[in-house]
Amino acid sequence: MMSVAARSGALSPHMQAAKHSVKSLVFPGAKELVPAAAPAGIRHAHTDIKIPDFGDYRRSDVSDPNKSSQDSSEGRRVFSYLVTGASTMVGVYAAKTVVTQFVSSMSASADVLALSKIEVKLSDIPEGKNMTFKWRGKPLFVRHRTEKEIATEAAVNLSELRDPEHDKDRVINPSWVIVLGVCTHLGCVPIANAGEWGGYYCPCHGSHYDASGRIRKGPAPLNLEVPYYEFPDEDTVIVG
């Protein structure tokens, strides 16, 4: 009992302060105060705390309580749409720039593009002969045909061909046949001016091509490929 009484004596100042606080809330006009001689360690309750004023941070369109909130929400919605649209446009433009730079970095350099074309001087190739050039890592056959070869290939019956194609559809100038020297069977390199038709012959598996590069006998399924080429003048051809 004595310990309880001692503890209650220590709590007395706190109880007095609480009593004063409650009385101040219930009876605002009360004059009773906490005794001035209260111990210095007592923490009194304060009821005069000021609520912070955030008026400087509020929008003018929402600070007025008499103004309709509908008008304010419409304005904010329009502003949000504008910001979203502008952000989307900026993002799309940035993505386009990144993709364009990435694709351009993967494109061929100037020296590689220069090798994509080859220029051949036709006067160096005698009539009836074939010359081989290297183009894009593949052999390129340029053949100067005789008048007899031109007439023979033009007279071929297309029904006799495995891969029907007229000679005039494979050449620009009948005197010149330009084809890739890659057999369409397994990618071997045929021999020029050889075979049963005097055109090209692949010794690997016995494919015979005529002087127009068309398959005539053997396992090859297709004619020799004709690359894109043009004649800037009578003595020059540019392939590629």
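Residue numbers run from 1 in the order of the sequence given. Only this structure's heavy atoms are used, side chains among them; waters, hydrogens and symmetry mates stay out.
- Judged purely by atom type and a 3.5 angstrom limit, Arg136 has no side-chain atom pairing as donor or acceptor with the backbone of Lys117.
- At distances below 3.5 Å, at least one donor-acceptor pair connects side-chain atoms of Arg162 with backbone N or O atoms of Ala220.
- Partners of Lys217 according to the salt bridge (charged side-chain N to carboxylate O under 4.0 Å, His left out) rule, which considers only residues two or more places apart in sequence or in another chain, are Glu196.
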_Applying side-chain contact (heavy atoms from CB on, under 4.5 Å) to Val237 and Glu119, what does each step give before you reach the verdict?_
CA-CA 6 Å; Val237 62; Glu119 181 176 323; over 6 Å; no
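- Looking at residues two or more places apart in sequence or on another chain, you find a ring-ring contact (aromatic ring centres under 6.0 Å, His included) between His205 and His185.
- Using a 4.5 Å heavy-atom cutoff, the side chains of Ile191 and Pro203 are in contact.
- Looking at residues two or more places apart in sequence or on another chain, you find a side chain to side chain contact (heavy atoms under 4.5 Å, CB included) between Glu147 and Ile150.
- Taking CD1 of Ile178 as the start and CD of Glu230 as the end, the distance is 10.5 Å to the nearest 0.5 Å.
- Within the model, atoms CG of Asp124 and CE of Met131 stand 6.5 Å from one another, a figure rounded to the nearest 0.5 Å.
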*Mind running side-chain contact (heavy atoms from CB on, under 4.5 Å) on Val177 and Arg170 for me, showing each step along the way?*
CA-CA 8 Å; Val177 172; Arg170 295 180 56 82; 5.8 Å; no
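- Counting heavy atoms from C-beta outward, Trp176 and Leu122 have side chains that approach closer than 4.5 Å.
- A side-chain hydrogen bond (donor to acceptor under 3.5 Å, both in side chains) check over residues 92-101, counting only residues at least two apart or in different chains, returns nothing.
- Going from atom OG of Ser212 over to atom CG of Leu161 covers 9.0 Å, rounded to the nearest 0.5 Å.
- Side-chain contact between Val189 and Val182 is absent, with no heavy atoms from C-beta onward closer than 4.5 Å.
- Residues satisfying the side-chain hydrogen bond (donor to acceptor under 3.5 Å, both in side chains) criterion with Glu149, sequence neighbours excluded, are Arg143.
- In terms of the side-chain hydrogen bond (donor to acceptor under 3.5 Å, both in side chains) criterion, Asn173 has no residue partners (sequence neighbours excluded).
- Counting all heavy atoms, side chain and backbone alike, Gly240 lies closest to Trp135 at CA-CZ2, 3.6 Å.
- With a 4.5 Å cut-off on side-chain heavy atoms, Leu140 and Ile118 count as touching.
- When atom types are taken as modelled, the side chain of Glu127 and the backbone of His144 share no donor-acceptor pair closer than 3.5 angstrom.
- Residues Ile238 and Pro232 are in side-chain contact: their nearest non-hydrogen atoms beyond the backbone lie under 4.5 Å apart.
- Linking ILVMFWY residues whenever their side-chain heavy atoms come closer than 4.5 Å, directly or via other members, leaves Tyr201 and Leu180 in distinct clusters.
- Rounding to the nearest 0.5 angstrom, the gap separating the CD atom in Glu153 from the NE2 atom in His166 is 10.5 Å.
- Between Thr184 and Tyr209, the closest side-chain pair of non-hydrogen atoms falls below 4.5 Å.
- For residues 181-192, there are no salt bridge (charged side-chain N to carboxylate O under 4.0 Å, His left out) pairs, not counting sequence neighbours.
- Residues that satisfy the side-chain hydrogen bond (donor to acceptor under 3.5 Å, both in side chains) test with Asp233, not counting sequence neighbours, are Thr236.
- Residues Pro164 and Ser159 fail the side-chain proximity criterion, which asks for heavy atoms closer than 4.5 Å.
- Val92 places none of its side-chain heavy atoms less than 4.5 Å from the side chain of Met89.
- Sorted by first then second residue, the salt bridge (charged side-chain N to carboxylate O under 4.0 Å, His left out) pairs that include residues 172-188, not counting sequence neighbours, number zero.
- Tyr200 pairs by the ring-ring contact (aromatic ring centres under 6.0 Å, His included) definition with Phe141, not counting sequence neighbours.
- Both Val239 and Phe231 are assigned to one and the same hydrophobic cluster, defined by single-linkage of ILVMFWY side chains at heavy-atom distances under 4.5 Å.
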*Take Arg145 and Asp167 through the side-chain contact (heavy atoms from CB on, under 4.5 Å) test and state the conclusion after the steps.*
CA-CA 12 Å; Arg145 296 194 299 187; Asp167 180 68; 2.9 Å; yes
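- When the side-chain hydrogen bond (donor to acceptor under 3.5 Å, both in side chains) test is applied to Thr84, no partner is found at least two apart in sequence or on another chain.
- Atom CD of Glu234 sits in a sparse spot, with 12 or fewer heavy atoms from other residues, nucleotides or ligands closer than 6.0 Å.
- Taking Asp210 as the reference, Arg214, Arg216 meet the salt bridge (charged side-chain N to carboxylate O under 4.0 Å, His left out) condition, with sequence neighbours excluded.
- Cluster annotation: Ile125 and Leu224 are assigned to the same hydrophobic cluster (Ile/Leu/Val/Met/Phe/Trp/Tyr, side-chain heavy-atom contacts under 4.5 Å, transitive).
- With Asn223 contributing its side chain and Asp163 its backbone, the two residues share a donor-acceptor pair below 3.5 Å.
- Linking Ile, Leu, Val, Met, Phe, Trp and Tyr whenever their side-chain heavy atoms come within less than 4.5 Å leaves Trp197 and Ile215 in two separate clusters.
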